[in-house]
2 protein chains.
Amino acid sequence: MDTQERLLDVAEFQIRQKGYNAVSFRELADELGIKSASVHYHFPTKQQLGVAVVHRYRDRFLENLNILAAKSSPQDGRVRTLCTAYRMALEKSNAHCLCGMLGAETRGLPEAVSQQVARFFQANIDWLATGFPTDWSPAKRQMRAAQVVAALQGGILLSISLDDSAHLVAAIQLVEMQSGIEFLETSR
Amino acid sequence: MDTQERLLDVAEFQIRQKGYNAVSFRELADELGIKSASVHYHFPTKQQLGVAVVHRYRDRFLENLNILAAKSSPQDGRVRTLCTAYRMALEKSNAHCLCGMLGAETRGLPEAVSQQVARFFQANIDWLATGFPTDWSPAKRQMRAAQVVAALQGGILLSISLDDSAHLVAAIQLVEMQSGIEFLETSR
DNA sequence: ATTCACCTATCTACTGATAGATAGAATACA
DNA sequence: TGTATTCTATCTATCAGTAGATAGGTGAAT
């Protein structure tokens with residue numbers, strides 16, 4: 001299997017567990033059974049590795065989002081789809097969202113990495129905002145979308161820290177309650 | 001001024017900026033103009049320092065919460081008070097909540113530290129839950145409280161990562177919208 | 001005389017990073 | 001085709017810097 005891809009896999013896993021600054025080239029190398037110098041062959045600097053990890057994560061996440069949206073019934077909005085994506089991500093990995101982790105560490109990250117993370121969040125928000133009623137102002141759409149992303153990220157955080165995924169489920173419930181009200185407002 | 005207290009101040013600041021694993025004894029020492037060995041005099045291990053930082057943070061936060069609750073008008077519930085506390089904390093420090101940061105890093109932390117962090121969140125939730133209508137089941141009160149804490153933590157995360165405190169404000173709006181509905185439900 | 005709050009000096013382990021070598025595969029050229 | 005060259009992916013060895021931690025010493029305050 002492709003070493004580069006395997007490195008990204010392990011790096012993503014480790015960062016989601018312990019954060020960027022607690023991940024070392026030697027540990028990554030050990031995991032693959034190679035030497036740390038060989039990791040530098042594929043990713044010359046840690047910053048470049050970090051950027052690559054976030055980049056791939058964001059691409060995959062958005063791709064998955066569009067697949068889920070295509071599969072779900074049309075009356076289920078994008079909000080529900082995003083909630084599902086977050087719930088699936090937590091169930092699958094039992095770990096923090098990569099960007100939830102890196103977003104927290106922002107000020108201790110190379111700028112190139114934190115910029116990628118910001119783009120992940122903005123992409124989430126933009127994707128959601130597109131699904132809101134067109135008679136809402138762009139600012140309102142952005143705000144509503146940000147509320148959803150915030151609630152979901154917080155839900156994951158609590159789930160991890162208190163070791164109980166019910167907290168993400170509760171956060172999703174809050175989000176969908178809001179959606180329900182908006183539906184009533186709109187269709188009134 | 002008390003060195004021990006100053007160490008806790010600087011450690012808290014640094015952790016909130018960069019995370020636990022990016023904070024070093026040398027940096028803390030430099031900040032106070034002492035040597036790293038002297039830091040070990042006050043806090044023999046990093047773990048003990050970490051525990052002390054979180055402990056003090058939690059105590060102060062809860063104390064502040066009760067002060068705010070005493071000052072606010074009685075019809076403003078505990079939800080609004082907690083929102084205010086979070087907004088004030090972000091405005092004052094322009095940094096992540098200490099426990100929001102450490103909660104994310106949970107799996108890369110000494111267990112003693114992550115336990116203290118979990119207790120912070122649980123204390124937040126319990127404090128909130130106490131303020132909900134007594135005819136709600138304990139489980140429902142806990143869930144509603146957790147929803148609020150999750151939304152606020154997520155709001156801070158987005159505010160930090162996207163460098164715009166409006167995201168916490170938006171999260172608060174989501175929370176208060178929910179509270180408003182509950183008020184209607186209850187008083188109906 | 002003891003304790004406190006710091007110091008110097010040092011330890012081992014680990015960090016990201018680099019230089020230079022090597023085996024083997026792929027490619028270019030005669 | 002056969003030889004020469006280059007590329008790929010890894011290695012060994014090493015670097016300067018930093019990590020947390022410890023031993024033992026110093027001067028001042030109690």
Side-chain angles (χ1 to χ4, degrees), chain A residues 1-56 101-102 105-116, chain B residues 1-56 101-102 105-116:
Chain A
M1 204 246 217
D2 189 29
T3 301
Q4 198 144 334
E5 211 66 17
R6 283 206 295 156
L7 274 173
L8 290 173
D9 288 343
V10 178
E12 180 185 315
F13 177 79
Q14 301 267 14
I15 294 174
R16 290 173 71 176
Q17 293 290 327
K18 310 180 297 181
Y20 182 85
N21 288 301
V23 171
S24 77
F25 275 46
R26 274 168 182 72
E27 218 178 328
L28 298 179
D30 286 352
E31 207 71 33
L32 299 215
I34 60 175
K35 298 295 167 180
S36 77
S38 307
V39 178
H40 283 280
Y41 169 78
H42 296 284
F43 300 98
T45 67
K46 193 178 180 181
Q47 184 190 116
Q48 286 171 65
L49 173 61
V51 168
V53 169
V54 182
H55 201 282
R56 191 188 66 162
M101 174 66 83
L102 293 175
E105 289 180 300
T106 295
R107 306 250 222 272
L109 256 36
E111 212 178 291
V113 178
S114 58
Q115 276 172 10
Q116 293 291 324
Chain B
M1 203 250 219
D2 190 28
T3 301
Q4 198 144 334
E5 210 67 17
R6 284 208 294 158
L7 274 172
L8 290 173
D9 287 344
V10 178
E12 180 186 316
F13 177 78
Q14 300 267 13
I15 294 174
R16 290 172 72 176
Q17 294 290 328
K18 309 180 298 180
Y20 182 86
N21 288 301
V23 171
S24 77
F25 275 45
R26 276 171 181 73
E27 220 178 327
L28 298 179
D30 287 351
E31 208 71 33
L32 299 215
I34 61 174
K35 298 295 168 179
S36 78
S38 307
V39 179
H40 284 280
Y41 169 76
H42 296 283
F43 300 98
T45 68
K46 192 177 180 181
Q47 185 191 115
Q48 286 171 64
L49 172 62
V51 168
V53 169
V54 182
H55 202 282
R56 191 188 66 161
M101 174 67 83
L102 294 175
E105 288 180 300
T106 295
R107 306 250 221 274
L109 256 36
E111 214 179 291
V113 178
S114 58
Q115 275 172 9
Q116 293 292 324

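All heavy atoms count here, side chains included; hydrogens, waters and symmetry mates do not. Below, chain A is the first sequence line, B the second, and so on; all start at residue 1. Worth saying up front: this structure is predicted, and the values here are computed from it rather than measured.
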Kindly point out which of [options] is positioned nearest to the side chain of [X]?
X: B:Ser36; options: D:dC11, D:dA21, C:dC6; result: D:dA21
X: B:Ile34; options: C:dA17, C:dC7, D:dG20; result: C:dC7
X: A:His42; options: D:dT10, C:dA19, C:dT15; result: D:dT10

Just the rounded figure in Å: distance from [atom2] of [N] to [atom1] of [X].
X: A:Leu28; N: D:dT10; atom1: CG; atom2: C1'; value: 16 Å
X: B:Phe25; N: C:dC6; atom1: CZ; atom2: P; value: 15 Å
X: A:His40; N: D:dT12; atom1: NE2; atom2: C1'; value: 15 Å
X: A:Leu49; N: C:dT15; atom1: CG; atom2: P; value: 14 Å
X: B:Glu5; N: C:dA5; atom1: CD; atom2: C1'; value: 16 Å
X: B:Tyr41; N: C:dA5; atom1: OH; atom2: C1'; value: 5 Å
X: B:Gln48; N: D:dA21; atom1: CD; atom2: P; value: 9 Å
X: A:Arg26; N: D:dT12; atom1: CZ; atom2: P; value: 13 Å

Need one value for A:Val39: base, sugar-phosphate or nothing, where a base atom within 4.0 Å counts as base even if backbone is also close, heavy atoms only. nothing
Is the shortest side-chain heavy-atom distance between A:His55 and A:Gln116 below 4.5 Å? yes
Rounded distance (nearest 0.5 Å) linking atom CG of B:Leu8 with atom CG of B:Leu28: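 Nearest 0.5 Å value for the CG-CG distance: 10.0 Å.
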Closest contact, heavy atoms only, B:Gly108 versus B:Asn21: O-ND2, 3.6 Å
Which atom pair, heavy atoms only, marks the closest approach of A:Arg26 to A:Ser36? CG-CB, 3.8 Å
Between [N] and [X], is there an OP1 or OP2 to side-chain N/O distance shorter than 4.0 Å?
X: A:Ser38; N: D:dC11; value: yes
X: A:Lys35; N: D:dT10; value: no
X: A:Ser24; N: C:dC14; value: no
X: B:Thr3; N: C:dC6; value: yes
X: B:Thr45; N: D:dG20; value: no

May I ask you to say whether A:Glu5 pairs ionically with A:Arg56, meaning some side-chain N is under 4.0 Å from a carboxylate O?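 A:Arg56 and A:Glu5: salt-bridged.
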